**Student:** 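Below is the structure I would like to discuss, written out as structure tokens.
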Number of protein chains: 2
Amino acid sequence: MADAKPQDSGAAEGNLAEEFAVPSQVEEVKSRMAEFAERHGAAGRRVVLITSGGTKVPLESRTVRFLDNFSSGRRGASSAEYFLDSGYAVIFLHRHRSLYPYTRLYSGINLLDALTVEPAEDRSARVSVDQSALPNIAATLKRYQAVKSSGLLLPVEFSTLSEYLHLLKAAAQALSSIGSKAMFYLAAAVSDFYIPASEMPEHKIQSSNGPLQISMKMVPKMLSPLVRDWAPGAFIISFKLETDSSILLERARRALDTYRHQAVVANVLDTRRGYVVVVTCHAQHELQLSDEDALNNVEIEERIVSNLEAAHRAFMLQG
Amino acid sequence: MADAKPQDSGAAEGNLAEEFAVPSQVEEVKSRMAEFAERHGAAGRRVVLITSGGTKVPLESRTVRFLDNFSSGRRGASSAEYFLDSGYAVIFLHRHRSLYPYTRLYSGINLLDALTVEPAEDRSARVSVDQSALPNIAATLKRYQAVKSSGLLLPVEFSTLSEYLHLLKAAAQALSSIGSKAMFYLAAAVSDFYIPASEMPEHKIQSSNGPLQISMKMVPKMLSPLVRDWAPGAFIISFKLETDSSILLERARRALDTYRHQAVVANVLDTRRGYVVVVTCHAQHELQLSDEDALNNVEIEERIVSNLEAAHRAFMLQG
């Protein structure tokens, strides 16, 4: 999310339903999120909404082609694990088929390469996991099952930009009841551009019509109504990914000045797994993995979550 | 692939390396494909090259955003299984992380939801598959392992349009030695449009620059040099997907008239899993699943492959 654009700050809220089709499940999901937040809030637990993965922007209404953002969802999925370890309840708003907490550790592996079949004496065959193909699988599975049965993880899926925008708004409203106990950790790679439904061709664009000119409007900045109207008491973190490190910090600070939320996690595409800067109103914290960390499979998300958990605690005491 | 565009018919071959960066692994992959084709051709086996999944078209050279095509790779992956069942050796040229033969049957399932852990008497835990969560897994696994050890399936991956185009050319050249024993089954959803490297910004496009205008060139039609120059003796099938059924057959026939290959498998987005038309120079065959077929989990790809296998056999006898 997140460039400075004063003129668009009010547009998002009013026009959302006009410009972006409302997904059918949004009210049902909103109820589930509200119930989740109330239950955990009442138990004195903090709740983080994590957004994760890229958004799909259709070029045709019966969609064959779409614009997408580079994002596997790795950062969101691994951060969810560290938030759970830190005692948070987690709403995981993620792109359909992007990486998922715990399962992400085996994402590059073909399932069938990791299984073995043993014929049994009766006619049933037993299928087992080859644990050398799925390192640490027994421990990961136990942790996954414990999280699942604890009710501390609520997964919600989106695919398109429209779905993302409506579900983010619904989540913000659902979390408003717990005030400063709520954190928004907006790690999804959200498109800055879209084609309004009214300007979208119905059918597949024909290549026989010649070269393609695509004209895209700017997506309204949701951070503005989120901070101001939907979740004014919450602790809100946006992310800023750039490929050019020379403009990174200036852009992060400009986003903070514009939206007045609590922090921007700034990172550069090539180094994002080993280095980020947490930029707040008064300070900036560089988080960097050392060579030793890398050898020990430490992940930068552990450091990010640790930093933000402490900042969130301080924020709640102030409020 | 595949619209009629006489003026671009020669462009692909000459300009490929200029307009589309050559992937580093192309020569190594070409050698493996050539060795595979020769080995199986010498054994009297037919070889099919299946292309599968959508192509990624970057908008920036350090890519954050890209254009993509709707395609899970389901049709290509399931067709590969039926070609293997029919005795073909299969080169499976597929988009990275698109659906894969056999594994595709479990693609919607979270791996960790399908496993159970049993503590053993010694400290090792045994991890087993819950076979109710992965229906028919023992039989599928045995078939997968048999195919793998037979050496009849050669998987090759692409992500971007450039990789696809270069690997398709390499495959065509690699298969030229077996003449009419080769089939090309071009099921991938290939972009019709791209941004030339020379016109691409290096860094992430900034949303602060305002609305986005994208101007895309047409991708050269590879079918033309494929049929004429690279694989003149082969049996070549292209696919035509439309959302508007009223233009489908006319466009399929126009592609055949232009490229003079052997067949177009024509299908409409909404009905593609139950109905296709195999259009050839002299005829068109409608293939449709009945309600009973659907109840029995028959897949349309079984019918498509059966139809084309027979046509390929007839083609080889003519040649």
Side-chain angles (χ1 to χ4, degrees), chain A residues 3-5 56 59-60 62-70 100 102-103 106 110-113 115-117 124-129 131 134 137-142 144-145 148 189 191-193 202-208 210-219 241-244 269-270, chain B residues 3-5 56 59-60 62-70 100 102-103 106 110-113 115-117 124-129 131 134 137-142 144-145 148 189 191-193 202-208 210-219 241-244 269-270:
Chain A
D3 283 317
K5 203 64 33 45
K56 187 165 162 174
L59 301 189
E60 299 122 340
R62 302 198 196 185
T63 307
V64 174
R65 301 190 178 89
F66 56 94
L67 191 75
D68 210 332
N69 276 63
F70 166 83
Y100 196 82
Y102 309 108
T103 319
Y106 309 105
N110 182 334
L111 165 69
L112 297 179
D113 285 330
L115 302 181
T116 55
V117 60
S124 70
R126 181 185 182 114
V127 181
S128 292
V129 167
Q131 297 192 38
L134 300 180
I137 182 68
T140 303
L141 183 59
K142 282 179 195 161
Y144 173 79
Q145 291 172 338
K148 200 170 165 180
S191 181
D192 290 311
F193 305 103
E202 178 184 0
H203 286 295
K204 185 182 177 189
I205 299 163
Q206 291 295 327
S207 65
S208 51
L212 184 64
Q213 297 289 335
I214 305 175
S215 184
M216 305 188 85
K217 282 182 68 170
M218 290 180 58
V219 174
L241 175 74
E242 294 290 348
T243 59
D244 180 356
L269 186 63
D270 292 342
Chain B
D3 284 318
K5 203 65 30 51
K56 189 166 161 172
L59 301 190
E60 298 124 341
R62 301 198 197 184
T63 306
V64 173
R65 301 188 177 93
F66 56 94
L67 192 75
D68 209 331
N69 278 63
F70 166 83
Y100 196 81
Y102 310 109
T103 319
Y106 309 106
N110 182 334
L111 167 68
L112 297 179
D113 285 329
L115 302 181
T116 54
V117 60
S124 69
R126 180 184 185 118
V127 181
S128 293
V129 167
Q131 297 193 38
L134 300 180
I137 182 68
T140 303
L141 183 58
K142 282 181 194 162
Y144 173 80
Q145 290 173 339
K148 199 170 166 183
S191 181
D192 291 310
F193 306 104
E202 179 185 358
H203 286 295
K204 184 181 177 190
I205 299 163
Q206 292 293 330
S207 64
S208 51
L212 184 64
Q213 297 291 333
I214 305 175
S215 184
M216 305 189 85
K217 280 183 69 170
M218 290 182 58
V219 173
L241 175 75
E242 294 290 350
T243 58
D244 179 356
L269 186 63
D270 292 342

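Proteins get letters first, then strands, A, B, ... in listed order; numbering begins at 1 in each. From a predicted model like this one, the values you see are computed outputs, not experimental measurements.
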**Student:** Mind listing the closest non-hydrogen atom pair of Thr116(A) and Leu141(B) along with its distance?
**Tutor:**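 Minimum heavy-atom separation between Thr116(A) and Leu141(B): C-CD2, 3.9 Å.
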**Student:** Looking at residues at least two apart in the chain, or sitting in another chain, which of them share a side-chain hydrogen bond (donor to acceptor under 3.5 Å, both in side chains) with Asp68(B)?
**Tutor:**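 By the side-chain hydrogen bond (donor to acceptor under 3.5 Å, both in side chains) rule, Asp68(B) matches Arg95(B).
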**Student:** Checking Asp113(B) against chain A: side chain, backbone, both or neither under 4.5 Å from a heavy atom?
**Tutor:**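 Answer is both: backbone and side chain atoms of Asp113(B) are under 4.5 Å from chain A.
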**Student:** Between Ala139(B), Ser215(B), Ala138(B), which shows the greatest number of heavy-atom pairs under 4.5 Å with chain A?
**Tutor:**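 The candidate making the most pairs under 4.5 Å is Ser215(B).
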**Student:** Taking every non-hydrogen pair under 4.5 Å, which of Val129(B), Asp270(B), Thr140(B) racks up the most with chain A?
**Tutor:**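 So the answer, after comparing Val129(B), Asp270(B), Thr140(B), is Val129(B).
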**Student:** Given a strict heavy-atom distance threshold of 4.5 Å, which part of Ser191(B) is in contact with chain A: side chain, backbone, both, or neither?
**Tutor:**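 It is neither, since no heavy atom gets under 4.5 Å.
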**Student:** Could you walk me through whether Leu134(B) and Val127(A) pass the side-chain contact (heavy atoms from CB on, under 4.5 Å) check?
**Tutor:** CA-CA 10 Å; Leu134(B) 300 180; Val127(A) 181; over 6 Å; no
**Student:** Measure distances from Gln213(A) to the heavy atoms of chain B and classify the residue's part below 4.5 Å as side chain, backbone, both or neither.
**Tutor:**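 For Gln213(A), backbone and side chain are both near chain B.
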**Student:** Where do Arg126(B) and Ser128(A) come nearest, in terms of heavy atoms and distance?
**Tutor:**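 Scanning both residues, the minimum pair turns out to be NH2-OG, 3.3 Å.
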**Student:** Rounded at 0.5 Å granularity, tell me how far CD in Glu60(B) sits from CG in Leu269(A).
**Tutor:**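 These two atoms lie 9.5 Å from each other.
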**Student:** Quick one: of Ile137(B), Leu67(B), Leu241(B), Leu111(B), who has the most non-hydrogen atom pairs under 4.5 Å with chain A?
**Tutor:**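 Maximum pair count with chain A is reached by Leu67(B).
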**Student:** Using a cut-off of under 4.5 Å on heavy-atom pairs, state which of Lys217(B), Gln145(B), Met216(B) scores highest against chain A.
**Tutor:**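 Among the listed options, the one with the most contacts to chain A is Met216(B).
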**Student:** Of all heavy-atom pairs between Ala125(A) and Gln131(B), which one has the smallest distance, and what is that distance?
**Tutor:**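 Nearest pair, atom of Ala125(A) first, then Gln131(B): O-NE2, 2.6 Å.
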**Student:** What are the two closest heavy atoms between Phe70(A) and Phe66(B), and how far apart are they?
**Tutor:**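 Here Phe70(A) and Phe66(B) meet closest at N-CE2, 3.6 Å.
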**Student:** Quick one: pull up CG in Asn110(A) and OG1 in Thr103(B) and give me the separation to the nearest 0.5 Å.
**Tutor:**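 Separation between the atoms: 3.5 Å.
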**Student:** Suppose we screen for ring pair (Phe, Tyr, Trp, His ring centres under 6.0 Å). Which residues come up paired with Tyr100(A), at least two apart in sequence or across chains?
**Tutor:**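 Expected list: Phe92(A), His94(A).
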**Student:** What part of Tyr144(A) lies closer than 4.5 angstrom to a heavy atom of chain B: side chain, backbone, both or neither?
**Tutor:**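 When you check distances to chain B, only side chain atoms of Tyr144(A) fall under 4.5 Å.
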**Student:** To the closest 0.5 Å, what do you measure between CG (Leu112(A)) and OH (Tyr102(B))?
**Tutor:**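 Interatomic distance, Leu112(A) CG to Tyr102(B) OH, rounded to 0.5 Å: 10.5 Å.
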